[in-house]
Chemist: 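This is the structure I have questions about; it appears just below.
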Number of protein chains: 2
Amino acid sequence: MKATFGEYIKQLRTDNGLTLTQLAFQLDLDSANLSKIENGKREFDEKRLEKLANAFDLDLEKLKTEYFGDQFAKKMYQYNCSPETLIVAEEKVNYLKSINVKQGEIKFDNEK
Amino acid sequence: MKATFGEYIKQLRTDNGLTLTQLAFQLDLDSANLSKIENGKREFDEKRLEKLANAFDLDLEKLKTEYFGDQFAKKMYQYNCSPETLIVAEEKVNYLKSINVKQGEIKFDNEK
DNA sequence: TATAATTTTGTCAATTATTGACAAGTTTTA
DNA sequence: TAAAACTTGTCAATAATTGACAAAATTATA
């Protein structure tokens with residue numbers, strides 16, 4: 001899997017013989033906007049990952065990996081970040097996990 | 001370097017004997033908001049990275065690595081992404097670079 | 001070829017998120 | 001204990017994102 005997330009969706013959709021309208025309906029989206037997503041002109045909203053997984057019977061975890069990997073890649077490309085950035089990210093994830101084992105949970109706004 | 005970006009700024013600031021007000025001035029920020037940034041309650045705006053680099057005579061590239069690494073780590077922690085996400089990100093950066101060598105540049109809105 | 005279906009693009013108001021600013025509170029320092 | 005430094009809460013202003021629709025372009029098919 002090397003494509004962007006939009007290209008990936010398009011691939012899934014066409015492989016399964018769906019039109020934009022059909023998939024957009026399942027994702028609770030306008031077909032015009034799904035087109036933009038597939039062509040990289042709009043972002044796919046994280047909230048719809050589960051619907052996308054259901055639409056094609058995909059593993060949500062794998063989908064998340066594709067999705068966030070894509071987001072990070074876009075940012076890195078856009079800002080010309082060094083590959084080192086990803087190593088730093090890995091360290092910092094571990095750091096965040098370690099301090100939260102000790103100190104309880106960080107609250108993010110997407111949690112209730 | 002394992003700390004969050006906010007902790008990193010605080011470290012730099014205190015090591016150099018600056019108050020919030022003093023550093024905030026250099027960053028064109030309100031000291032109250034800088035406090036929130038240091039404590040992870042607000043985001044540091046990418047546009048201020050250069051000012052931060054100047055304030056402490058840091059290499060902008062290294063700062064970017066810390067900054068974006070921190071952003072990715074937060075997202076991964078927040079959404080409980082697998083470590084694999086970073087490998088996917090690396091592949092996709094290369095993919096983006098390869099298609100743009102071939103096809104010309106992707107335009108991002110932050111470019112003029 | 002025409003016409004129907006599909007996809008793409010443009011636009012814009014509405015919603016949502018982020019920011020700057022200031023007041024008020026707390027903690028630290030001298 | 002007074003001043004300085006830091007933190008927290010709030011909110012209007014600004015900015016970014018989204019949904020929706022119209023219309024243009026492309027593709028498929030009768």
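We name chains A, B, ... by the order of the sequence lines, and we start the count at 1 in each one. Because the structure is a prediction, the values reported are computed rather than measured.
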Chemist: Side chains of A:Tyr95 and A:Glu91: donor-acceptor distance under 3.5 Å anywhere?
Modeler: no
Chemist: In this structure, how many angstroms lie between the C1' atom of C:dG10 and the CG atom of A:Asn33, rounded?
Modeler: 11 Å
Chemist: Any Lys/Arg nitrogen of B:Glu66 or A:Lys92 sitting under 4.0 Å from an Asp/Glu carboxylate oxygen of the other?
Modeler: yes
Chemist: Nearest-nucleotide wise, let me know which of B:Arg42 and A:Asp30 is further upstream toward the 5' end of DNA chain D.
Modeler: B:Arg42
Chemist: Rounding to an integer number of Å, can you tell me how far B:Leu20 CG sits from C:dG25 P?
Modeler: 20 Å
Chemist: Nearest to the B:Ala32 side chain among C:dA23, D:dT18, C:dG20, which nucleotide is it?
Modeler: C:dA23
Chemist: Quickly work out the B:Arg13 CZ to D:dC6 P distance and round it to whole Å.
Modeler: 5 Å
Chemist: OP1 or OP2 of C:dT7 versus the side-chain N and O atoms of A:Ser35: is any pair under 4.0 Å?
Modeler: no
Chemist: In whole angstroms, how far is the C1' atom of D:dG19 from the CD1 atom of A:Ile37?
Modeler: 11 Å
Chemist: Looking at C:dT18, does its base get a donor-acceptor pair with the side chain of B:Lys47 below 3.5 Å?
Modeler: no
Chemist: Would you please confirm or rule out a distance under 4.0 Å between OP1 or OP2 of D:dT8 and any side-chain N or O of B:Lys41?
Modeler: yes
Chemist: For B:Lys36 and A:Asp45, find the nucleotide of DNA chain D closest to each by heavy atoms; which residue's nucleotide sits nearer the 5' end?
Modeler: B:Lys36
Chemist: For A:Gln22 and C:dT7, give me the distance from atom CD to atom C1', rounded to whole Å.
Modeler: 13 Å
Chemist: Tell me whether A:Arg48 is salt-bridged to A:Glu43, with the criterion being a basic N under 4.0 Å from an acidic carboxylate O.
Modeler: no
Chemist: Taking 4.0 angstrom as the limit, do A:Glu84 and B:Lys62 come out as a salt bridge?
Modeler: no
Chemist: Rounded to the nearest angstrom, tell me the gap between atom CD in B:Glu38 and atom P in D:dT8.
Modeler: 12 Å
Chemist: Using whole Å, what does the distance between atom P of nucleotide D:dT26 and atom NZ of A:Lys10 come to?
Modeler: 13 Å
Chemist: How is B:Thr19 classified with respect to the nucleic acid when contacts are heavy atoms under 4.0 Å: base, sugar-phosphate, or nothing?
Modeler: sugar-phosphate
Chemist: Starting at atom CG of B:Asn39, determine the distance to atom C1' of C:dT27, rounded to an integer number of angstrom.
Modeler: 13 Å
Chemist: Between the side chains of B:Glu7 and B:Lys10, is the shortest nitrogen-to-carboxylate-oxygen separation below 4.0 Å, so that they form an ion pair?
Modeler: no
